[in-house]
Amino acid sequence: MDLKERIATELIAARRRSVGLTLDALDEPDLVTQVSPLMSPLVWDLAHIGNYEELWLLRAAAGQEAMRPEIDDLYDAFEHPRAERPKLPLLTPAESRAYIDTVRNKVLDSLEKAPLSGGRLTEGGFVYGMVIQHEHQHDETMLATHQLRKDGPALLDPSPAEPPAGDVALAGREVLVEAGPFVMGTSDDPWAYDNERGAHTVDLPAFFIDVTPVSNAAYLAFMENGGYDDPRWWHPDGWDWRMRSEKRAPAFWRREGGQWVRRRFGRTEPVPPEEPVQHVCWYEADAYARWVGKRLPTEAEWEKAASWDPAAGRKRRLPWGDDGEHANLGQRLMRPAPVGSYPEGASAYGVRQLLGDVWEWTSSDFRGYPGFRVFPYKEYSEVFFGTDYKVLRGGSWATHPMACRTTFRNWDYPIRRQIFAGFRCARDV
């Protein structure tokens, strides 16, 4: 399929997913209700997706006049914090649907004549890829919003497909990544974001990294060993968070009838020991790693283990190669796959599940690469650089393959737990 056909196909698929998580799943009262101050009402996300698409694909790329300039401020993510958005005069669900449909029809019409070269914004269809990835990122945020809902019936199918067979014998095993240089980041992926650019050589000492993410069973051992009660394992800021928050388990876990259970999309179920732990914050991941005598990997270590092929002396876009799909992505399972799954998705070093299942916390602060240049707007990356945010890598089961690659960088505050995040450990040689 040619590039324009691929763009149209991906735009349509992303919109189908967005509507399935909003208009097809909820009635109007639930769409306009804020389930947590951490999240927007779902109707805001829906119209924001359309407004972002209009700004970049109709106004910037196609040179068309603004359709609804009076709503730009309402759907600017930097103008209004999430906690304040329910008070705004937002479009109703019906108005949002009409707006995003009109925008999409105009985008598909303009795509036929749109140049996909001749400028950095349009070269290789970058601006279209940016909008498609943006919509999928909001779809993952919508799934987090669904997970945070405490009232009402369960609306999403929690198990749309059977998980693959895992290999729990690999839990806790580690592999050696030899010392030496590798290429970090990318300069030639046409849809990569500015924070992934440019490709540069990083020389790392040897290190060990876990073959799989940390499992629920392993994390439960930390809990039962008093991990939440021993300040030796905690970063000072993490211990302060632990004491103030009084957290003693991952988010959505609780003790019931002598066992640990979790709430998942409105249903209560036993915590599956073989799955990667998720809904833990950076401080919890860091504490576990210290308890087990290891540490969190740096994002450079994570990317080398995920992308570098030492035999070929080249970088892979995906752990298993440059194309194909051997990972739990795109909300197909609606949960992490058991640890040790997807042997065909292993990296050149034999590390599994580096893409999909759970976002993985790293020890690194979010910063620009050498020679970083903002493109196409500073609010995507640059305004978040510094020590406030920790980098996550790899994507989760809720991340779409379009927004997942070995160079992709996510970031969040170290206290965040509503995201589908887990971790794996590393250690020095």
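Bear in mind the structure is a predicted one, so any value in this text is a computation, not a measurement.
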- Message: Could you work out, with salt bridge (Lys or Arg N to Asp or Glu O under 4.0 Å) as the rule, every residue matching Asp189, not counting sequence neighbours?
- Response: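 Only Arg317 meet the salt bridge (Lys or Arg N to Asp or Glu O under 4.0 Å) criterion with Asp189.
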
Looking just at side-chain N and O atoms, do [X] and [Y] make a donor-acceptor pair shorter than 3.5 Å?
X	Y	answer
Glu10	Tyr128	no
Glu299	Thr362	no
Trp397	Glu275	no

- Task: Starting from the C-alpha separation in whole Å, work towards a yes-or-no answer on side-chain hydrogen bond (donor to acceptor under 3.5 Å, both in side chains) for Ser396 and Gln278.
- Result: CA-CA 10 Å; Ser396 77; Gln278 66 173 344; over 6 Å; no

- Task: Report the residue from Val351, Val175, Val339 that forms a side-chain contact (heavy atoms from CB on, under 4.5 Å) with Val211.
- Result: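 The single option meeting the side-chain contact (heavy atoms from CB on, under 4.5 Å) with Val211 is Val175.
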
Can you check whether [Y]'s main-chain N or O pairs, donor with acceptor, with [X]'s side chain at less than 3.5 Å?
X	Y	value
Trp234	Asp237	no
Thr186	Asp188	yes
His279	Ala421	no
Ser381	Gly368	no
Asp286	Leu296	no
Arg316	Pro319	yes
His200	Met184	yes

So [Y] and [X], do their side chains get closer than 4.5 Å, heavy atoms only?
X	Y	answer
Met223	Pro250	yes
Tyr349	Pro310	yes
Phe208	Val429	yes
Leu23	Leu31	yes
Lys315	Glu303	yes
Asn328	Ser341	no
Tyr75	Leu91	yes
Leu26	His146	yes

Looking at [X], I want to see if its [atom1] is surrounded by more than 12 non-hydrogen atoms of other residues, nucleotides or ligands under 6.0 Å.
X	atom1	value
Arg255	CZ	yes
Glu162	CD	no
Glu246	CD	no
Asp322	CG	yes

Is the [X]-[Y] ring centre distance short of 6.0 angstrom?
X	Y	answer
Phe222	Tyr228	yes
Trp56	Tyr377	yes
Trp411	Tyr380	yes
Phe384	Phe366	no

- When Glu360 is tested against each of Arg393, Gln353, Arg424 for side chain to side chain donor-acceptor pair (under 3.5 Å), which residue passes?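 Result: among Arg393, Gln353, Arg424, Arg424 is the only option passing the side chain to side chain donor-acceptor pair (under 3.5 Å) with Glu360.
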
For residues [X] and [Y], report the shortest heavy-atom separation together with the two atoms involved.
X	Y	answer
Cys425	Val292	SG-CG1, 4.3 Å
Arg405	Met402	NH1-O, 3.4 Å
Ser347	Ala306	CB-O, 3.8 Å
Thr201	Pro181	CG2-CB, 3.7 Å
Gly185	Tyr369	CA-CE1, 4.0 Å
Val280	Gly422	CG2-CA, 4.1 Å

Closer than 4.0 angstrom, basic N to acidic O: yes or no for [X] and [Y]?
X	Y	value
Asp72	Arg59	yes
Arg248	Asp229	yes
Asp412	Lys390	no

- Using the ring of Trp191 (Phe, Tyr or Trp, six-membered ring only), decide whether Arg6 places NZ or CZ under 6.0 Å from its centre and within 45 degrees of its axis.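 Ring-cation test returns yes.
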
- Task: Flag this pair as yes if the NZ/CZ of Arg263 is under 6.0 angstrom from the six-membered ring centre of Phe252 and inside a 45 degree cone about the axis; otherwise no.
- Result: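 No, cation not above the ring by the 6.0 Å, 45° rule.
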
- Query: How are the rings of Tyr219 and Tyr288 set to each other: parallel, tilted or perpendicular (split at 30° and 60°)?
  - Reply: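 Rings of Tyr219 and Tyr288: parallel, under 30°.
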
- His48 and His138 aromatic ring geometry - parallel, tilted or perpendicular at 30°/60° bounds: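 Geometry flag for His48 against His138: tilted rings.
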
- Message: Go through it in stages, so that I can follow the logic: the residues are Lys247 and Glu284, the test is salt bridge (charged side-chain N to carboxylate O under 4.0 Å, His left out), and I'd like the CA-CA distance, side-chain angles, deciding distance and then a yes or no.
- Response: CA-CA 10 Å; Lys247 304 299 185 188; Glu284 290 168 297; over 6 Å; no

- side-chain contact (heavy atoms from CB on, under 4.5 Å) between Tyr193 and Phe408, worked out: CA-CA 8 Å; Tyr193 285 104; Phe408 189 90; 3.8 Å; yes

- Query: When rounded to the nearest 0.5 angstrom, what is the spacing between CZ in Arg85 and NE2 in His80?
  - Reply: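 Atom-to-atom, Arg85:CZ and His80:NE2 are 8.5 Å apart.
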
- Message: Could you go through Arg262 and Glu269, starting from their C-alpha distance and side-chain angles, then the distance that decides it, and tell me whether this counts as side-chain contact (heavy atoms from CB on, under 4.5 Å)?
- Response: CA-CA 6 Å; Arg262 68 180 182 185; Glu269 62 188 19; 2.8 Å; yes

- Take Met39 and Thr141 through the side-chain contact (heavy atoms from CB on, under 4.5 Å) test and state the conclusion after the steps. CA-CA 8 Å; Met39 314 303 285; Thr141 301; 3.5 Å; yes

- Task: Go through the steps for Phe375 and Phe126 under the test side-chain contact (heavy atoms from CB on, under 4.5 Å), then give the verdict.
- Result: CA-CA 11 Å; Phe375 182 77; Phe126 169 82; 3.3 Å; yes

- Item | Of all pairs that satisfy salt bridge (Lys or Arg N to Asp or Glu O under 4.0 Å), the ones with a partner from residues 13-27, not counting sequence neighbours |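 The answer is Arg15-Glu53, Arg15-Glu135.
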
